[in-house]
Structure formats: structure tokens, C-alpha cells
Amino acid sequence: MARQKRYLTATLPDGYSKTIGPTADAWTHYWRIVAILANGKTEIFWGHTKSLAEAKKKRTATEEAARMRGWKSHAFEIAALVESRDEPTPT
């Protein structure tokens, strides 16, 4: 039997909310990198993983990327995804 479609929402400490879906995938965590580039501009990278351990492994890759790309600074954040069956209302 196919898995039922649902929506997954992550809320980060700064209040930013990201909704993924509808999906049947087994994602559990959302990660985000906010990088300050050498020229002062900001870039945001994000993704989702199937476990907290997998999300934490992204932190090591982030440190390496920061060195290779010459970022002034960066923040790496992980948030648990919360499941709902209903489509979120736009804000």
C-alpha cells in the first residue's frame, strides 16, 4: 500500500518556517546554512534528511565548504519536521 501524502513543516529558532509537500518521503529533519560571503552578500542553502544523525553530518561538510569558498561566517541550523495531513494556509 502506498504511503499517504502529507505536509512537513520545520520552524527554526528565528521564526522562519519551511513547509515541504505534499510528500510521502520519510524525512524527519530540515537543515539550513546561512552563509555570509567574502563580498558581504548572503547565500542560503537548505535540505532535508531522513534522520537527525544524517543532518548532523552536514555540519562537517559545511565547515569544509566555508573554508573552500572563503565565507566570512556562516550559521548551520537543524529543525525537526512536524507532519500534518492538511495543506498549510498561506501567510
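All of these numbers come straight from a predicted model, not from anything done at the bench.
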Heavy atoms only: give me the nearest R6-A24 pair and the separation to one decimal.
NH1-C, 3.4 Å
Mind checking the CG-OG spacing from L8 to S84? Nearest 0.5 Å is all I need.
8.0 Å
Residue set satisfying side chain to side chain contact (heavy atoms under 4.5 Å, CB included) with T28, at least two apart, ordered chain then number -> none
As an exercise, state the distance from OG1 of T23 to CG of D25, rounded to the nearest 0.5 Å.
3.5 Å
Test side-chain contact (heavy atoms from CB on, under 4.5 Å) on T9 and Y30 and set out the steps.
CA-CA 9 Å; T9 302; Y30 169 85; over 6 Å; no
In terms of hydrophobic clustering (I, L, V, M, F, W, Y; side-chain heavy atoms under 4.5 Å; direct or indirect links), are Y16 and V82 co-clustered?
no
For residues 33-49, please give each side-chain donor-acceptor pair under 3.5 Å, one per line with the distance, not counting sequence neighbours.
| residue | atom | partner | partner atom | Å |
| --- | --- | --- | --- | --- |
| N39 | OD1 | K41 | N | 3.0 |
| T49 | OG1 | S51 | O | 2.9 |

Set of side chain to side chain contact (heavy atoms under 4.5 Å, CB included) partners for I78, sequence neighbours left out:
H29, W31, L52, A55, K56, R59, F76
Derivation and outcome, side-chain contact (heavy atoms from CB on, under 4.5 Å), residues H74 and T62:
CA-CA 9 Å; H74 66 279; T62 300; 3.4 Å; yes
